[in-house]
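Notes follow once the structure below has been shown.
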Amino acid sequence: RTDEINPVAVIELPKASRVVVAQLAESKPADSGFELDLRAMQTQMQYAGSRTAALLGEWFDPDSLHKRTKFQADAASKPSSEEE
C-alpha cells in the first residue's frame, strides 16, 4: 500500500518465464466493514460448495469407489441367469 496516485508494480510470472510491469490508472482501498465481511462470506461459501461438489463427484465415482474399497463381488451376490 502506497500513497502514490498511480502505483507501479512488477508482477513475475515464473511459469510463463515473463515479467509484466503494471501501472494502475486508479486505485481505491478495499471495502471495509459489513460489505467486506459479506463478500468474504459469499466467496467462502462458493468455494466450499465447489469443493464439496468436486469431492462428492470423485467420492461416488464407481471406479474410485471400487479402488478405494477394494470391492470384489462374490458369486453369491451375482445374479444367476435364472434370476435375470
Between the CZ atom in Arg68 and the CD atom in Glu58, the distance rounded to the nearest 0.5 Å is 10.0 Å
Taking only residues two or more places apart in sequence, or in another chain, which ones meet Asp61 in a side chain to side chain contact (heavy atoms under 4.5 Å, CB included)?
Asp63, Ser64
Restricting to side chain to side chain contact (heavy atoms under 4.5 Å, CB included), what partner residues turn up for Thr69, sequence neighbours left out?
Leu65, Phe71
Remaining members of Leu56's ILVMFWY cluster at a side-chain heavy-atom cut-off under 4.5 Å?
Trp59, Phe60
Would a hydrophobic clustering, with Ile, Leu, Val, Met, Phe, Trp and Tyr connected at side-chain separations under 4.5 Å, put Phe34 with Met45?
yes
